[in-house]
Amino acid sequence: MAFISSGYDPKEPMKNRITDIGPRKYDEFYPPVIAKNKGTWLYHQYLKPGVYYHVAESGDKVFTVRVGGARLMSTLLIQEICEIADKHCGGYVRWTTRNNIEFMVDSEKKVEPLIKDLESRKFKGGSFKFPVGGTGAGITNIVHTQGWAHCHTPATDASGPVKATMDVLFEDFKSMRLPAHLRVSLACCLNMCGAVHCSDIAILGYHRKPPMLDHEYLDKMCEIPLAIAACPTAAIKPAKVEVGGQKINSVAVNNDRCMFCGNCYTMCPAMPLADKEGDGIVIMAGGKVSNRRSAPKFSKVVVAFLPNEAPRWPQTTAVIKKMVDVYANDARKYERLGEWAERIGWERFFEKCELPFTHHLIDDFRDPAYYTWRQTTQFKF
Amino acid sequence: MAFISSGYDPKEPMKNRITDIGPRKYDEFYPPVIAKNKGTWLYHQYLKPGVYYHVAESGDKVFTVRVGGARLMSTLLIQEICEIADKHCGGYVRWTTRNNIEFMVDSEKKVEPLIKDLESRKFKGGSFKFPVGGTGAGITNIVHTQGWAHCHTPATDASGPVKATMDVLFEDFKSMRLPAHLRVSLACCLNMCGAVHCSDIAILGYHRKPPMLDHEYLDKMCEIPLAIAACPTAAIKPAKVEVGGQKINSVAVNNDRCMFCGNCYTMCPAMPLADKEGDGIVIMAGGKVSNRRSAPKFSKVVVAFLPNEAPRWPQTTAVIKKMVDVYANDARKYERLGEWAERIGWERFFEKCELPFTHHLIDDFRDPAYYTWRQTTQFKF
Amino acid sequence: MAKHKTPMLDQLESGPWPSFVSDLKALADERTKNPKKLDFQVPVDVVDDLLGLLELSFKDGATHWKHGGIVGVFGYGGGVIGRYCDQPEMFPGVAHFHTMRVNQPGGKFYTTEYLRNLCDLWDLRGSGMTNMHGSTGDIIFLGTRTDQLEEIFFELTHKFNQDLGGSGSNLRTPSDCIGAARCEYACYDTQDLCFTMTNDYQDELHRPAFPYKFKFKFDGCPNCCVASIARSDMSFIGTWRDDIRIDQEAVQSYIGGEIPPNAGAHMSRDWGKFDIQKEVIGLCPTECMRMEGKKLKIDNKECNRCMHCINVMPRALRIGKDRGLSILVGAKAPILDGAQMGSLLVPFVKAEAPYEEIKEVIEKVWDWWMEEGKNRERLGELIKRQGFQKLLEATGIAPDARHVKEPRSNPYIFWKEEEVEGGWTRDVNEFRKHHLR
Amino acid sequence: MAKHKTPMLDQLESGPWPSFVSDLKALADERTKNPKKLDFQVPVDVVDDLLGLLELSFKDGATHWKHGGIVGVFGYGGGVIGRYCDQPEMFPGVAHFHTMRVNQPGGKFYTTEYLRNLCDLWDLRGSGMTNMHGSTGDIIFLGTRTDQLEEIFFELTHKFNQDLGGSGSNLRTPSDCIGAARCEYACYDTQDLCFTMTNDYQDELHRPAFPYKFKFKFDGCPNCCVASIARSDMSFIGTWRDDIRIDQEAVQSYIGGEIPPNAGAHMSRDWGKFDIQKEVIGLCPTECMRMEGKKLKIDNKECNRCMHCINVMPRALRIGKDRGLSILVGAKAPILDGAQMGSLLVPFVKAEAPYEEIKEVIEKVWDWWMEEGKNRERLGELIKRQGFQKLLEATGIAPDARHVKEPRSNPYIFWKEEEVEGGWTRDVNEFRKHHLR
Ligand code: SRM
Ligand code: SRM
Ligand code: SRM
Ligand code: SRM
Ligand code: SF4
Ligand code: SF4
Ligand code: SF4
Ligand code: SF4
Ligand code: SF4
Ligand code: SF4
Ligand code: SF4
Ligand code: SF4
């Protein structure tokens, strides 16, 4: 392997340097039908799950075929996408805000060939490369984060549980039978790099053991005051410890005050939390983002902990599948999962979804916890 | 004036002492129709405002005539009540939980004579002694506290504003035209000795000046650590001050952190807050206690401050009258004031009641404040 | 002639609402005239001076009462509030003006005989002014002097079989709605439970041993006529767990307009013809009602017993028969951290004498609060500080979805070491073998 | 042949959903075969080793990535996340595995030409693995070595006219919904506003000068397809302030069943005949709709623009014509004090280039946050800590009932001295003349 220079000269970093040019301008990439009709769209309609079209004032139509996919994606697959886009879509393609891919064509007759092409492509292992679906009152792609594939703080993997879950929910990706759309999200730690805090169903990686203290290296690897300041519960105090007969500066953690947020580890690599038995998954439900009918809502914790059962997380996917099916059967048309739970009451939600209610689910974090308790005699037996 | 002994011997306090006997037993005081039919009532009905009857399984009926009154009451007036109760009600009478008086009779023909008698009695100054009313979808007596008549911490009077307000609301005491019942309450300081924190309309005395420090006496009159601990915002610190050339122990108050709650004064008489210009009234609205339809609600601050305009508090009564009238015209049947405000949106409440919205009304007290801000794009222009 | 000029107060004599000023003046006159020739044990002009002092407050826009001193009756830690005026020379009649809290009877029913006795006692030994009643529920004797306290107490207990109520860091005087005595909605006997708890806990009521005040209130049903859910550390609110009883004929009478809705509570205005769909079924918060032909059906499993339909049609709908109460805890006024409503602790418990099951909950709550509560910390504040879970642990009550309006939206769960497989003790060097630095 | 055995990962190759494992394996193979004969600038077995490392994580139930070190390109404080593996000897290919964030184009539209260029660059100089896209919106180049960072940046800027996105205490890469480009609900041009703000604030994006990260997201309407309200310090959400446009004929077509409701979004199930009363009018949260004969009427003054009716009948109802956006502030993930949704700061502002009015708000918010915000304090946390009023003062925005869902229920108002008649300085001795001790 020989180093190939781009032209950059490390000795003169400023030479010919181009900075602050921002992204490419959006309209360089618009397909012609979009460029022409932007801002004049009249309405849209679904042809089938994954396929919809928009009609513009000009009479023009754009047909969109949406396909799901793992967002952890190789250049190989991107090149295959390009090949398809060249073949069917005049060389244009887009991604959605939930990591689906949208192929657009400007006439209805181009739709079926496109779909046929997409659905025919499979990975060696047998899975679809480009399953069509994810629209309307169904389940679309799971937005997720890095997990064990790239991040240093996860309490679970991302791509693994997502694949396992989408396999289980695949029928709802391919159909629009639900009362409203249902968004599943995953974040591998509670930094929550995504919107799992307001998803219909959220899969959250969570630690349950306080940080280990790598005393020998702590003062070398970390700024002790920053680590202390990072703790939201003030569980960390400075401490002198003896290592190999020498008194050195380190920290002590009051384990009973620790809520396993990992913020100390973010600031200090000598305080790792990860643990095979301690780490696992929290299931949350009932959040939403849109302002449709009801205001946006946070997701609520409905299962306090499930173990990391790689590679397929069967307990996690079973709980999710159960919730989706109960919701599908019980909710009213247009009702989001959280709206449904609130209407029937959370006590019914747990009963219907056959989930145990444990003390962990009662909020005890700071003053606002009070507002989640039941301050009325209104409840259902 | 000669001391008349009850029989108590201060030298032998324990001699013949009777203690821990509790209150008189309820059933000693039941009118016969109550004693007989307790627990078997079938239903009730109003005859007119202030007058209703209950029917028991036995077929018995009890007719109740409710009258309003100042709860600051002389023995003279209580004796007059006894006289009426003897004349019409077989010597029984009761008070309600909102300081109204209820006269009960066991047959319908006793009702009109009773009412006539009650309504005929007036004070010298011209006001009714026993106005009949206060039931159903109307306005009943104002529950209130001590005010300048007995307490040491009030920021307004109690009996005065109550009289002024009830004069203004008198028609609604005498009628049942409202969408639902409407409870007005008053507390003279934010200790809120009453349920003004969840009343349809609440009148609250509030200070607006930080405590004065009577340094010379502070250490003598108070336990300084208790005074310091009493402050919810940690605005009080210990301090040495010079008085008459001598350094003495006292406290210092960080005025900018003070929210005028008066809790320091409760613990320490050398920290008085009261002030003619600083003190006045906060108007709150939209609270409720019952679990009917919606859960109990706290009242919300709708006017941050009105001055103490003794003796008739005209601005206060005008604001209240306006709210009552707007509510009466705009709300739906069975809708409590707070339910109405929430349905139309608080932005409309302020508009319709012609109340200015000022920065004071935005919550900034601790974490839960956040939950009162608007986390949605849903609002009305 | 009035002792003090009271031009501002005088303006409160006009207007229709009963004037406390007129009442005060009448009593002041009466004491001056003294027709019964009483040998008043407190200054004859006590009411005159109260009027004068109040007038001064109206002028000054401020109170003229000082902090109470510690006064009381022997062996009790409450029941009396000391009060002194800050202008004793101008108003000697009210220089000392303590109040006494007399524990009111259940439902606030009285015989005139009893009331007259109290009046006679109070005319002789106090100002003759009262609050009927205090916000907690007591009969308030307003204004007497220290030397009269024991005398009054002695007469109350010996002559009237009547005790004082609470104040200070005690159990406060419990109070109840009229309930079963006259109300068809009562799900248990509020007066009996209130009376029993008051008597069984006399020691707690009279002798301060708590971190702060503690209040019981007893409401017969979720209408909450004594506002227990808003202002008692422990609220006992009646409810039922079987079906609402329906009289279908009466339903038809409501529909037909023969019986006015809500017992006629809206009669002063024409709201149009009764519409069961709009006024009852459509307003049911759980949407569990419907008409099936001419029959009203309730899906009782889904009903949350909000009382609305029963309130609107009391002759057609009645509370169930399997009755009891819910216990909510922690309600309080805003000082210091903001007001609290009661939070549901016990969804349902039977309320039958001798109420052992209820007392067990009460005592467990107290034990915890007395163990953990800080000085001047109300139960609600302790629950907030330590968390609802701790309360459940302390009372041995199993967590239940009914305890929450909604589950937590933050995942900040404080796991306990024994709940986590393998515990918390780990060897960082072992870890580092698999995860190099 | 695969370099590492991956029995656990292999199980994720089955099932219908696209398998990232299969994709990774294909790329690993491709690199081994290297048909284009590239002189890979990072180890050829980088993807093999990624698979091996991931398999180990699946086995260990823990990550094998270490904290990122400080790596980046000259003059920028963001755009690159350092990453090292904690088992570099077992997996040398991923010993260094930094990511680069490439600022995605508006609406995430691409030409294949552009994408192919990126792929070529990344095959040569990186792992060939990407995230399409990162949660903030960037194109994520996943895994390269330090010596390649400047090279990649040079090629991006010189060849592709393409800059990096944000990371660190910067403005983060702004992102938008597809909006006007293809959506009839768009109330403003999200792509143009997003692009303009990204470019106007390049300095803030590349050079950390903030207390912490700061995110912009642009949603064309209250449906919030880029979830701005939940995850951006400043969300720009389209709205309108005139009337919803109604096509009464189309309303009839919906009622008649000629057009499927919600554009057919529920087509996989038989929900019965469309019922405008039940599905639209009855679900309108403000109850501001009604049928007058055959005409649908909207009391637009009472509409809160929730989008429901428009979503259900897009061919009959259209957003108003007087359009603009609402600005909400402070949304963030739960660390540290719990998650926040955006809180409404500007109810309505026009969104027309050059967007001066909007920039004024942005800059005032930044000035305040940079002045008052602590290290690692998000805007939302600062607002919580100092109060919403302070934000209003800092931005010069008048308090409005629209700022709150409800007014405060505690009366703890922090009055300012200048608001109180007579000020705060008082003479206690003067007071004591009227109020003796
Ligand atoms: C393509 C995309 C925008 C983009 O810039 O990429 C998009 C496109 C549309 N959205 Fe969306 N939404 C997109 C993400 C979202 C999100 C964001 C998210 O999920 O992270 C939301 C908020 C989700 C939430 O509330 O939790 C979102 C909430 C909506 C809603 C509100 C639905 C509701 O019941 O609350 C509508 C209205 C509707 O569905 O009728 C809507 C409607 C639409 C319409 C019908 C708009 C139009 O006329 O074109 C588009 C087709 C919808 C579909 O998927 O069937 N879009 N939409 C995004 C597709 C994501 C995907 O791949 O599945
Ligand atoms: C007499 C009294 C109980 C007592 O022990 O003294 C009482 C008596 C009745 N209440 Fe009450 N309530 C009494 C205080 C209350 C309170 C407490 C308060 O206001 O401080 C409340 C809670 C108020 C709140 O929610 O803010 C209260 C909320 C209700 C409700 C719920 C109404 C609602 O719309 O929310 C009902 C049901 C109804 O009105 O149909 C009710 C119903 C009733 C009924 C109809 C019950 C019955 O069948 O006898 C009684 C006649 C009501 C009337 O006043 O027209 N009662 N009622 C109290 C009279 C106070 C007064 O002098 O005006
Ligand atoms: C007399 C009475 C007001 C009245 O006009 O009726 C009263 C009067 C006082 N209350 Fe109260 N409270 C009275 C019922 C209440 C209630 C209502 C209730 O019990 O239902 C409350 C609200 C409910 C609650 O307990 O939260 C109440 C909440 C307070 C508070 C705030 C406590 C808190 O935790 O938020 C204080 C402040 C304190 O304890 O230092 C307080 C303190 C006081 C003090 C002792 C003043 C003080 O700071 O030391 C007052 C003595 C005044 C006096 O001269 O008698 N009072 N107080 C009420 C008792 C009469 C009775 O026994 O029937
Ligand atoms: C790459 C990405 C996840 C992904 O898989 O897509 C990501 C990855 C990281 N995020 Fe994030 N965040 C990413 C989008 C988000 C989002 C979503 C968004 O921007 O819409 C959020 C939630 C919204 C928000 O900002 O509140 C998010 C909230 C956080 C937080 C919590 C911040 C907070 O104030 O609550 C942290 C912790 C921190 O800053 O120390 C964090 C920290 C991190 C760090 C830097 C880990 C750390 O502790 O230092 C991660 C680096 C991982 C890596 O190896 O690249 N990340 N992070 C996303 C950025 C890609 C992109 O540029 O497109
Ligand atoms: S959620 Fe946590 S573990 Fe996952 S990518 Fe974000 S910071 Fe990393
Ligand atoms: S994990 Fe969180 S709570 Fe625990 S010590 Fe670290 S920073 Fe504190
Ligand atoms: S509200 Fe305040 S001023 Fe009024 S009686 Fe209670 S403690 Fe005294
Ligand atoms: S009035 Fe309240 S906030 Fe002000 S100093 Fe006293 S205790 Fe503190
Ligand atoms: S609370 Fe219920 S039982 Fe008690 S009086 Fe009120 S309506 Fe009757
Ligand atoms: S009590 Fe309330 S919830 Fe139950 S049926 Fe009647 S209205 Fe509905
Ligand atoms: S947010 Fe509104 S404008 Fe943007 S894509 Fe979604 S529906 Fe269309
Ligand atoms: S946008 Fe929402 S609030 Fe407005 S009319 Fe339509 S459904 Fe009603």
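Computed from a prediction, not measured in an experiment: that's the story for all the values here. Letters A, B, ... are given to chains in the order of the sequence lines, protein chains preceding strands, and every chain is numbered from 1.
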- Given a strict heavy-atom distance threshold of 4.5 Å, which part of D:Glu55 is in contact with chain A: side chain, backbone, both, or neither? neither
- Can you find a side-chain donor-acceptor pair between A:His54 and A:Asn37 that sits under 3.5 Å? no
- What part of A:Val62 gets closer than 4.5 Å to chain D, counting heavy atoms only: side chain, backbone, both or neither? side chain
- Results of salt bridge (charged side-chain N to carboxylate O under 4.0 Å, His left out) for D:Asp60 - residues two or more places apart only: none
- Close side-chain approach of D:Phe153 to D:Asp163, heavy-atom, < 4.5 Å: yes
- So which part of A:Lys163 gets closer than 4.5 Å to some heavy atom of chain D, the side chain, the backbone, both or neither? both
- Note on the structure: Rounding to 0.5 Å, atoms NZ (A:Lys48) and OG (D:Ser268) come to a distance of 11.5 Å
- Task: Give a yes-or-no answer on whether the side chains of D:Asn131 and A:Gln146 include a donor-acceptor pair shorter than 3.5 Å.
- Result: yes
- Message: Just so I understand: if I count every heavy-atom pair under 4.5 Å between each of D:Ile259, D:Leu124, D:Leu205, D:Ile178 and chain A, which residue has the most?
- Response: D:Ile178
- Closest heavy-atom contact between A:Asn141 and A:Met166? CA-CE, 4.4 Å
- Side chain, backbone, both or neither: which part of D:Tyr84 has a non-hydrogen atom closer than 4.5 Å to chain A? neither
- Identify which part of D:Thr198 has an atom lying under 4.5 Å from any heavy atom of chain A, answering side chain, backbone, both or neither. side chain
- Who wins among A:Trp148, A:Tyr92, A:Trp41 for the most heavy-atom pairs under 4.5 Å with chain D? A:Trp148
- Judged by modelled atom types alone, do A:Thr64 and D:Arg182 share a side-chain donor-acceptor pair under 3.5 Å? yes
- Most chain D-contacting option - heavy-atom pairs closer than 4.5 Å, from A:Ala149, A:Gly287, A:Gly147, A:Ser175: A:Ala149
- Note on the structure: When the 4.5 angstrom heavy-atom criterion is applied to D:Leu283 and chain A, the contacting part is both
- Note on the structure: Honestly, the part of A:Ile101 sitting under 4.5 Å from a heavy atom of chain D is neither
- State, to 0.1 Å, how close A:His197 and D:Gln340 come at their nearest heavy-atom pair, and which atoms those are. NE2-O, 4.4 Å
- Note on the structure: Counting heavy-atom pairs under 4.5 angstrom with chain A, the leader among D:His133, D:Gln11, D:Arg305, D:His206 is D:His133
- Return the option, out of D:Pro105, D:Cys221, D:Ala186, D:Gly342, with the maximum number of heavy-atom pairs under 4.5 Å with chain A. D:Pro105
- Item | Which atoms of A:Tyr265 approach chain D - backbone, side chain, both or neither, heavy atom under 4.5 Å | both
- Interface residue of largest heavy-atom contact number with chain D, from A:Gly125, A:Gly136, A:Ser74, under 4.5 Å: A:Ser74
- Query: Does the D:Gln202 side chain pair with the main chain of A:Gly22, one donor and one acceptor, at a distance under 3.5 Å?
  - Reply: yes
- Contact class of A:Asp157 relative to chain D, heavy atoms under 4.5 angstrom: side chain
- Query: Who among D:Val44, D:Leu164, D:Asn103, D:Asp176 has the most heavy-atom pairs with chain A under 4.5 Å?
  - Reply: D:Asn103
- Proximity breakdown for A:Thr19 and chain D, heavy-atom pairs closer than 4.5 Å: both
- Going by the ring pair (Phe, Tyr, Trp, His ring centres under 6.0 Å) test, name the single residue among A:Phe128, A:Phe173, A:Phe123 that passes it with D:Trp17. A:Phe173
- Among D:Glu155, D:Glu279, D:Met8, D:Arg231, the residue with the most heavy-atom pairs under 4.5 Å to chain A is D:Glu279
- Query: A:Lys297 versus chain D, heavy atoms under 4.5 Å apart: side chain, backbone, both or neither?
  - Reply: backbone
- Could you walk me through whether A:Glu28 and D:Phe109 pass the side-chain contact (heavy atoms from CB on, under 4.5 Å) test, one step at a time? CA-CA 9 Å; A:Glu28 293 181 46; D:Phe109 283 96; over 6 Å; no
- Query: Checking A:Arg24 against chain D: side chain, backbone, both or neither under 4.5 Å from a heavy atom?
  - Reply: both
- Given a strict heavy-atom distance threshold of 4.5 Å, which part of D:Asp200 is in contact with chain A: side chain, backbone, both, or neither? neither
- Message: Please classify the contact of A:Phe170 with chain D as side chain, backbone, both or neither, using a heavy-atom distance under 4.5 Å.
- Response: side chain
- So what's closer than 4.5 Å to chain D heavy atoms on A:Ala274: side chain, backbone, both or neither? side chain
- Heavy-atom proximity to chain A below 4.5 Å, by part of D:Cys183: backbone
- Message: Between D:Gln148 and chain A, with a heavy-atom cut-off of 4.5 Å, which part of the residue counts as in contact: side chain, backbone, both or neither?
- Response: side chain
- Heavy-atom contact with chain A under 4.5 Å, split by part of D:Leu142: side chain
- Under 4.5 Å heavy-atom distance to chain D, tell me which part of A:Thr156 shows up: side chain, backbone, both or neither. neither
- Message: Taking side chain as everything from C-beta outward and backbone as N, CA, C, O, which of these in D:Leu336 sits under 4.5 Å from a heavy atom of chain A? Side chain, backbone, both or neither.
- Response: both
- Note on the structure: Rounded to the nearest 0.5 angstrom, the CG-CG distance for D:Asp23 and A:Leu76 is 7.0 Å
- Query: What part of D:Asp86 is in contact with chain A, defined as an atom under 4.5 angstrom from a non-hydrogen atom: side chain, backbone, both or neither?
  - Reply: neither
- Donor-acceptor contact below 3.5 Å, side chain A:Tyr8 vs main chain A:Arg17: no
- Query: Quick one: what part of A:Asn16 sits under 4.5 Å from any heavy atom of chain D, side chain, backbone, both or neither?
  - Reply: both
- Which bit of A:Leu47 comes within less than 4.5 Å of chain D, counting heavy atoms only: side chain, backbone, both or neither? backbone
- Query: Taking NZ, NE, NH1 and NH2 as the nitrogens, is one of them in A:Asp27 or A:Lys38 under 4.0 Å from a carboxylate oxygen of the other?
  - Reply: no
- Item | Region of D:Asp189 in contact with chain A, defined by heavy-atom distances below 4.5 Å | side chain
- Part of D:Lys332 within contact of chain A (heavy atom distance under 4.5 Å): backbone
- Query: Taking side chain as C-beta onward, heavy atoms only, is D:Lys108 less than 4.5 Å from A:Thr96?
  - Reply: no
- Message: Restricting to salt bridge (charged side-chain N to carboxylate O under 4.0 Å, His left out), what partner residues turn up for A:Glu83, sequence neighbours left out?
- Response: A:Arg121
- Gap between atom NE2 of A:His181 and atom NE2 of D:His266 - 0.5 Å precision: 10.0 Å
- Query: Is it true that the side chains of D:Gln162 and D:Tyr114 contain a donor and an acceptor less than 3.5 Å apart?
  - Reply: yes
- Message: To the nearest 0.5 Å, what is the distance between OG on D:Ser135 and CG on A:Asn191?
- Response: 11.5 Å
- Item | Contact class of D:Asp337 relative to chain A, heavy atoms under 4.5 angstrom | both
- Report the option among D:Pro314, D:Ala333, D:Gly128, D:Gly338 that has the most heavy-atom pairs separated by less than 4.5 Å from atoms of chain A. D:Gly128
- Is it the case that D:Glu13 and D:Ser19 place a side-chain donor and acceptor less than 3.5 Å from each other? no
- Item | Heavy-atom proximity to chain A below 4.5 Å, by part of D:Thr173 | neither
- Item | Contacting region of A:Pro179 [heavy-atom separation from chain D under 4.5 Å] | both
- Query: Going by distance alone, is a donor N or O of one side chain under 3.5 Å from an acceptor N or O of the other, for A:Tyr26 and D:Asp192?
  - Reply: yes
